[in-house]
Amino acid sequence: MTADGAAEPWAAAPRLHNRVLPVLVLLATAAATAMGFVVIAPNRLLPGVGVPLWQAAAAPATAGFAAAAALLLTLCWVRPRGAVHYGAAAVAGAVLLAAPAVAGASAAQLLGSAPPASVASLAGGFWVVGGCAALAAIDSLQRAQAGAAVQLVTAAVLAGGFLALSRIGAFDALSLSREYAARHDLFGAAVLRHAELVAAALGAAVAIGVPLGLAPLRRKRFEAPLFAVLNLLQTVPSIALFGLLIAPLSGLADAVPALRAAGIGGVGPAPAIIALVLYALLPIARNTVAGIGGVSPAAIEAARGMGMTGRQVFWRVETPLALPVLLAGLRIVVVQTVGLAVVAALIGAGGLGSFVFEGLGQYATDLVLLGALPAILMALGADFVLRLAARAMPRRGAA
Amino acid sequence: MSEPMIELRGVSKSYNGRAVVGDLTLAVPRGALCVLLGPSGCGKSTTLRMINRLVPCDGGTIRIDGEDALRPPVEALRRRIGYVIQSTGLFPHWRVDDNIATVPRLLHWPEPRVRARVHELLEMLRLDPRIYAGKYPHQLSGGEQQRVGVARALAADPELLLMDEPFAAVDPVTRDALQAEIARIHEATGKTIVFVTHDIAEALRLATMIAVMDRGRVVQSGTPLDIVERPASDFVRDFVGVQGLGLKLLAVRRVRDRLQTGEQADGEPIDAGATLAEALAAMVARRVGRLAVAEGDGRVVGAIALGDLVR
C-alpha cells in the first residue's frame, strides 16, 4: 500500500517498543519473589532470616506491586509517546516511594511477634526492587526527553514524599531508622561536615588545578612532568595517602605553632582536605587542558586580532567555550570527592565516614548504610545540579 | 601625493633562523585595495599579520596613517584595524549581533550606538537584521558567516581593513557574491584594504594595487594591468600567467576603454564599466559580434565589436 508503516497489516500486531522496562520489571519481580525483602535478626549483631515480600507485606501491598509490574509491562507494548513515558515514570516513582513504606510496615508487623531485642533490616529484595524502580523512572524520563524543570519537580516530589513518610513514622520499625534516631543529633553535623570537606577540597582544587592545567597550554614543556606527578598521586591508595599526610603535617604543626592554633595538625580536617585536593587535581587539570586547548584557534586569533587583551580573551572567549568540558570534569571530581571524603573519617576528619567506620567496627550494616546512603545521595544530587547547569548554558555548535 | 596609509620599510621576520619575510618594503596609498598575491609560503599572511602585530616583526618600521605602528599599546592599535580571517573566527557562543558588536563594546560605545551600528552593518552586508541578529554562527551558511565576519571587522568604522584569504573556504558561487560585496563596500566607504590571496583571478577582480610576493619579498607592485602586461620577472609572468594570459588581460580591461563612441548595435546594452571578459562572454552567449554599450545611468554611448577586444 503505502510506505507508511502503520498502514501495513503486520504493523497492527502488538509490538514491544521498550526493551529496558521489561528487563527491569522481571528482575524486580524475581527479586521480590525469591529474595528476602526485610531481614529479621534476633539482635543487632547476629545474622537474621530474610522474609520475601509476599510473606512479609500485607496482601493489598503485594497486590499493589504486582499491579504496578503488570501496568509497566503493558506500557511497553503501547506505541511510545510522551504520555506513555510519563505514565511509566509515575508508576516507577510510586514503586520507589512505596517500597520503603511497605518495608517499614512489614518490619513493624514482623517485629510485633518477635523477641524484644529483634531488629528488622532492609534485605536484598528491597534493594533490587528500589534500584529497578529508580532506573525505570530515570529511563522513562529520558525517553520522554523531560526538560530540566520536569527533572527538578520529579526529584522534589520524591524527596518530599520520602520526608512525609518518614515524618509519619512509616520507617520507624526499620533498624536504619533506629540507628538514625540514636544518632539524630550527630547526623546533621556529620552531613554538614561532609559537605564542608567536599566544598573546601573542591574550591582549593579548582583554584590550584585550573592554573596548573593552563600552564602546559602556555608552555608545552610543562605538560609531561605535570601529568607524571598528578598521575602518580592518583595511583596512591586513598587510605595510604591519608595516612602518609599525618607525619609531615603534625611535624609542620609542631614547628609552626600558629598553624596548630589554626587547627591544622596530623589528624583532622586539614590532612583530609589536602588529600582530597591532591586526588582532584588530575581530573581538573586534565579537563582544563582539554577544554581550553580545544577552543577553536580561529576564535582566539580573531579575538586577539580585534584587540582583546589576554585577560579578555581568557574570560570572554576561552572560558565560556571550554565551560562544558570544565563542568564535565567538575562532575567527575564532585562524585569522586564525596566518596573519598568518607575515608577521611579514618584520620579524624569527621563527616559521614564516621558512621561507616563505626558501623564496620560494630558489624552493624545499617549503621554503615546510615553513612553511605547520604553520601551517595549527596554525590548524585551534586552531579544532577551540575548536569542541569551544563544544559542551561547557551546552545552552540562547532566553531 | 598624500602620505601612504600603510608604509612598511625594511620589515623582516624569521622563525628559528629561517627568514619568512626579509627586508620587505611596501607603501599602500590611502583608499587603495592592495592585494598581497603569491604562492603559499611566500610570507604574505605573515606580512599582513605584522601590520596588526599578531606577528611581532624582527626589524624595520611600520607606519600606519603616518604614525609608528609599533609604538601604541597593541590592543589599541588592533581596535582601529578591521581583521577578517579565512575561518571567520566568529565566536560560536555569541549571537550574530554580539559578534558584530565586539569591537564597539571593547571601545565602550554607548549601547544604543552599538545597536544602531550593528543594524546598519547587517543591512550593509544584506543580512536582514530581523532574521540574522539573533542567530548563532553555527546556524548560518559559510557565506553568511563570512558576511558576519566582514561586518564585525567594519563595526568600529576602522580606516584600515586586513583580510587574510577571507573567501578561500567558500564555494565559487558564494565567493563571487562576496567578492562583489567587498568591491561595493570598498567603493562606497573608501577604506584602505589589504587583502591576502593566492588566487590571481580574485586579485585581478578586486585590486586597485597588487603586490606580488615571493620568498618573503615584494617582487613587483603596481596596478593589475601593470602586473599582467609588464611582469617584472619570470616568476611574476609564470605566477600570473599560469591559466592563460589572454583571458586575464580581458578580465582587467574595461569596455569603456575600447568602445566606439556613437556607434549603434542591437540588443540589451552592456555596462561601460564591465570588463572585456564580460563583454566577450555576452557576445558568445548571444551569438552576436557587436554589443551596445551604456553608461551606468542607462544612456547608450556607443558599441563594441569582437575585433575591438583584440585591438
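Given the structure is predicted, the values throughout are model-derived calculations rather than measurements.
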Checklist entry - Under a 4.5 Å cut-off applied to non-hydrogen side-chain atoms, are B:Tyr132 and B:Arg147 in contact? => result no

Item to check | Cationic tip of B:Arg152 above B:Phe91 ring, under 6.0 Å, 45° of axis | outcome: yes

Checklist entry - Of the backbone (N, CA, C, O) and the side chain (C-beta and beyond), which part of B:Arg53 lies under 4.5 Å from a heavy atom of chain A, both, or neither? => result neither

Item to check | Structural part of B:Ile85 lying under 4.5 Å from a heavy atom of chain A | outcome: side chain

Checklist entry - Counting distance only, does the side-chain N/O of B:Arg175 pair as donor-acceptor with the main-chain N or O of B:Phe167 below 3.5 Å? => result yes

Checklist outcome for this item: Most heavy-atom pairs under 4.5 Å with chain A, out of B:Asn52, B:Val103, B:Leu77, B:Ile81, belong to B:Val103

Next on the checklist: Going by side-chain contact (heavy atoms from CB on, under 4.5 Å), B:Leu160 matches just one of B:Ile193, B:Thr192, B:Val28, B:Asp65. Which one?
Outcome noted: B:Thr192

